[in-house]
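We use all heavy atoms of the structure for the numbers below, so side chains are in, but hydrogens, waters and symmetry mates are not. Below, read A as the first sequence line, B as the second, and so on, with proteins coming before strands; counting in each chain starts at 1.
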There are 2 protein chains.
Amino acid sequence: MTHGKPRRSDATRAAILAAARERFGVDGYERATIRAIAADAGIDPTMVMRYYGNKEKLFAAAADVDLRLPDLMTVPSDQVGTRLAQHFLNRWEHDEAMAALLRAGATNEAAAQRMREILTTQLVPMVAAVCPDPSQAPTRAALVASQVLGAALCRYILRLSPLAEMPPQDITAWLGPTLQRYLRRV
Amino acid sequence: MTHGKPRRSDATRAAILAAARERFGVDGYERATIRAIAADAGIDPTMVMRYYGNKEKLFAAAADVDLRLPDLMTVPSDQVGTRLAQHFLNRWEHDEAMAALLRAGATNEAAAQRMREILTTQLVPMVAAVCPDPSQAPTRAALVASQVLGAALCRYILRLSPLAEMPPQDITAWLGPTLQRYLRRV
DNA sequence: GTCTATAATTCGATAGAC
DNA sequence: GTCTATCGAATTATAGAC
């Protein structure tokens, strides 16, 4: 969301956001401190407050994730499950904001609210486009979320063996048929 | 684990544990305070420290959960998935310690360690008893955990609609085939 | 824009009277 | 066993000098 004129201190703001995503992702909302985030970003803690107002707004900015869901209409209908599993695995591996949101959502109501919004506004419409009966989209999307978030929880947060060490393609092979069923089963 | 002689203040200890399970379950590890737990139990905060030493030990006592897994050997092999889904739904609905452990495990390393122990010592052996190749038990158990924990996360922690409001039997009907595949698919 | 100093809370934990 | 009082540390957030 680029405004008309880029501010001079956008680099500093970006450094703060990167540090915030990492800290919120590793420590969760409560234990991630403004001080630690500022230290990681190499600036003064006061600057964080100046730029983002308070801790809650900083988190909202750090956890403003876009699932970047693919267009499943171009995928053969018997492969949408595997394709979606691939996509989510890739997103989790490369975007720290995903872990930040998940970890914080477990203990912080505002973060949980944001997760519900993201799932409702991004995942549900995509599911509605590929599932047999669009009126079932919220239910099917919630089931997809339950498996995707559960796998991410076990792999990235709890670091449960052997799920934490498995190659992404192995996980995709297991989760693909599950998501396929949640998306398409009549 | 009843010792030889029951102590006089076991009622107080039990009240503390019940309050701790609720607070840890609702607030997570960091935001659940000794003061709030003591207030819920109707006693002095000092007593909590006296009985349990410190916050970490109190949580360990509150989150000492037993999955009470059923003996799936007595269940027809094509129904183990549904039977297991039923069991977990029932456990989540009736034991606050389950939510306490899940919520805390997301932000507290000690709690995550306890979850790994519980899954390794309780779930893996059960899976080994019913899956085709026992050497795959850790992998299959982790997949079962990913779906069960993910569903619990969405339903009880994030309160994601419509999963949060669905009747348990509807959820069982969806998750049963998934768990069946994770347990038995060759 | 940047930093020092500090206000205002809150928490876990302890000492000690009774 | 129970409670009062409090310590010491950590946190978010603000005020204000430069």
Side-chain angles (χ1 to χ4, degrees), chain A residues 3 5-63 100 103-104 106-111 114, chain B residues 3 5-63 100 103-104 106-111 114:
Chain A
H3 289 66
K5 49 181 177 181
R7 271 165 290 192
R8 181 174 37 165
S9 52
D10 278 346
T12 303
R13 296 177 69 95
I16 294 174
L17 265 194
R21 288 200 184 93
E22 179 169 351
R23 279 291 172 180
F24 282 128
V26 173
D27 295 333
Y29 183 83
E30 342 286 341
R31 290 178 43 213
T33 66
I34 303 279
R35 285 166 161 79
I37 292 170
D40 287 356
I43 59 161
D44 192 274
T46 313
M47 293 285 86
V48 179
M49 303 297 293
R50 184 175 180 85
Y51 283 136
Y52 291 96
N54 58 34
K55 185 178 181 179
E56 193 173 336
K57 291 179 185 173
L58 172 61
F59 175 80
R103 211 158 209 150
T107 51
N108 184 273
E109 174 53 29
R114 277 214 55 76
Chain B
H3 291 67
K5 50 182 176 181
R7 270 167 289 193
R8 181 176 32 166
S9 51
D10 278 346
T12 303
R13 296 178 68 95
I16 294 174
L17 266 195
R21 288 199 184 93
E22 180 169 353
R23 280 290 173 179
F24 282 127
V26 172
D27 295 334
Y29 183 83
E30 342 285 343
R31 290 179 43 214
T33 66
I34 302 280
R35 286 167 162 82
I37 292 169
D40 287 356
I43 59 162
D44 192 274
T46 314
M47 295 283 88
V48 179
M49 303 297 294
R50 183 175 181 85
Y51 283 136
Y52 291 96
N54 56 34
K55 186 178 180 178
E56 193 173 336
K57 292 178 184 172
L58 172 62
F59 175 79
R103 212 158 210 152
T107 52
N108 185 270
E109 174 52 30
R114 277 212 56 77

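- The side-chain contact (heavy atoms from CB on, under 4.5 Å) test applied to A/A32 returns A/R23, A/F24, A/D27, not counting sequence neighbours.
- Taking A/Y51 as the reference, A/S9 meet the side-chain hydrogen bond (donor to acceptor under 3.5 Å, both in side chains) condition, with sequence neighbours excluded.
- Scanning both residues, B/D40 and B/A19, for their nearest heavy atoms gives CB-CB, 3.8 Å.
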Sugar-phosphate or base contact per nucleotide [nucleotides 4-17 of chain C; S, B, -; heavy atom under 4.0 Å]: B------BBS----

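- For the pair A/A100 and A/R21, the tightest heavy-atom approach, listed with the atom from each and the gap, is CB-O, 3.7 Å.
- With axes fitted over five pairs at each extremity, the angle between the ends of the helix from C/dG1-D/dC18 to C/dC18-D/dG1 is 10° (10° resolution).
- Considering only residues two or more places apart in sequence or on other chains, A/E30 meets the side-chain contact (heavy atoms from CB on, under 4.5 Å) condition with A/T107, A/N108, B/E30, B/R31.
- When the P atom of D/dA13 is taken as reference, atom CE of A/M47 falls 15 Å away, rounded to whole Å.
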Distance-only criterion, 3.5 Å: show the donor-acceptor pairs between side-chain atoms of residues 43-50 of chain B and protein atoms not counting sequence neighbours.
{"residue": "B/D44", "atom": "OD1", "partner": "B/T46", "partner atom": "N", "Å": "2.8"}
{"residue": "B/D44", "atom": "OD1", "partner": "B/T46", "partner atom": "OG1", "Å": "2.7"}

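- Contacts of A/E56 classified as side-chain hydrogen bond (donor to acceptor under 3.5 Å, both in side chains), with partners at least two apart in sequence or in another chain: none.
- Proximity of a side-chain donor or acceptor of B/Y52 to a complementary backbone N or O of B/A60 within less than 3.5 Å is not detected.
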